[in-house]
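Here is the structure we will look at, set down as structure tokens.
One-based numbering, in listed order, for ligands and for the atoms of each. Basis for what follows: all heavy atoms, side chains included, without hydrogens, waters or symmetry-related copies.
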Amino acid sequence: MLATQQPVLRRFWYPVMPLEQLGDGPQPFRLMNEELVLWLDSEGKPHAAEDRCAHRTARLSLGWVEGDNIVCPYHGWTYDGGGGCVRIPQTPDRSAGRAKVRAFNAEARYGYVWVCLGDPLTDIPHMPEADEPGYRVIHQFYEVWRTAGLRLMENSFDNAHFSFVHRESFGQFDKPIPAKLNIVEEDFGFRFETVAPVNNPPLQKKLLKMDSDTTERHMTSNWFMPFGRKLNIRYPNGLVHAIITYATPIDDEHSMICQWAYRSDSEEDAPAEQIIAFDRQVTEEDKRVLESTDYDAPLDTASGEERHMPSDQPGMVMRKMLLALLARFGEEEARISGARIPMKEKAS
Ligand code: FES
Ligand code: CO
């Protein structure tokens with residue numbers, strides 16, 4: 001599936017940028033190949049519009065914010081949050097007329113600007129830990145990966161990769177068969193619970209305050225269609241490490257990885273910096289392999305293009321549900337043959 005070619009995917013919310021990055025003025029972001037300008041108004045509410053002035057096409061993201069509006073850096077045409085041109089400095093006595101740029105839905109939530117390019121099909125998922133006392137938030141990663149959202153989502157729920165991809169962090173190489181899952185399908189996603197045995201390397205021992213060489217993760221997983229997931233991990237000592245990861249589609253082969261965590265312990269128990277360091281190692285292990293896969297994963301699992309095994313179940317359900325979503329909105333799956341990302345040139 002090529003994310004940018006499926007109009008229905010424009011009707012979901014995606015986190016696009018940490019709010020704090022907009023503190024110094026407007027910023028550009030490419031979402032599903034749409035060039036956007038993002039800015040905060042005087043009350044701190046985010047806005048998103050086409051990053052292309054209606055006058056001579058200059059990038060509004062090079063401009064500045066004045067009150068609630070954005071000012072073009074070229075001749076100063078000024079647009080409000082709805083994309084309407086409210087001021088043309090060269091003709092102050094005439095109304096700005098019909099000049100406008102396209103504006104999109106934007107919301108602030110969980111420390112990010114979220115954007116929906118169309119008429120939203122569903123809300124931004126609710127994260128109870130964000131309001132519950134006893135949790136702290138740790139912002140972990142905001143970075144571009146050369147992989148498609150579907151690849152990252154499948155990987156997130158694929159417990160068969162632990163023993164291989166993560167054998168140097170927490171995976172148990174000698175236990176390659178994950179537990180069978182009971183997946184509960186929802187309107188726009190799914191959930192399941194499972195238990196996975198994992199290794200407990202030295203840094204984790206310290207962060208979890210658990211001395212054993214191995215432990216168990218009790219995991220509650222949520223998939224938020226199309227490219228969001230939540231993984232709530234509870235360890236046997238009661239500690240909760242819940243991670244939220246979005247693969248926001250920049251284009252068909254690049255995703256902006258937005259990951260943050262809620263932790264039930266305190267900064268004194270486990271410094272955020274060390275938690276990020278451990279999750280960084282795990283994430284790099286995933287990244288290396290994911291960036292080696294074809295970016296156009298087929299939704300039609302019967303096509304014979306890829307072979308499957310029973311532990312692929314979450315990814316199979318995901319593909320089936322996405323195919324049903326496309327059908328519901330009268331769309332065919334868009335594909336490209338040989339959608340392989342070339343190996344990065346090795347530095348010589
Ligand atoms: Fe924006 Fe002229 S290009 S005001
Ligand atoms: Co992984």
Distance check below 2.8 Å: does D286 bring an N, O or S atom to the Co ion (ligand 2)?
yes
For D51 and E35, indicate whether the former's side chain and the latter's backbone hold a donor-acceptor pair under 3.5 Å.
no
Is the shortest distance from a Lys or Arg side-chain nitrogen in R151 or D294 to a carboxylate oxygen in the other one below 4.0 Å?
no
Using a strict 4.0 Å cut-off to heavy atoms of C72, name the atoms of ligand 1 that fall inside it.
1 (Fe), 3 (S), 4 (S)
Please check if the number of heavy atoms outside E132 that lie under 6.0 Å from its CD is greater than 12.
yes
pair I336-L2: side-chain heavy atoms closer than 4.5 Å:
yes
In sequence, state the C-alpha distance, the side-chain angles, and the governing distance for H161 and E285, and then conclude on side chain to side chain contact (heavy atoms under 4.5 Å, CB included).
CA-CA 10 Å; H161 80 282; E285 290 166 346; over 6 Å; no
What atoms of ligand 1 come closer than 4.0 angstrom to any heavy atom of R56?
3 (S)
Got an N, O or S from C53 under 2.8 Å of atom 2 (Fe) of ligand 1?
no
Protein heavy-atom partner closest to atom 2 (Fe) of ligand 1 - residue, atom, separation in Å
H75 ND1, 2.0 Å
In this structure, the Co ion (ligand 2) sits at the vertex of an angle between NE2 of H166 and NE2 of H161 that rounds to 10° as 100°
Which of the N/O/S atoms in H55 sits closest to atom 2 (Fe) of ligand 1?
ND1
Test: E34 and R30 ion pair at under 4.0 Å:
no
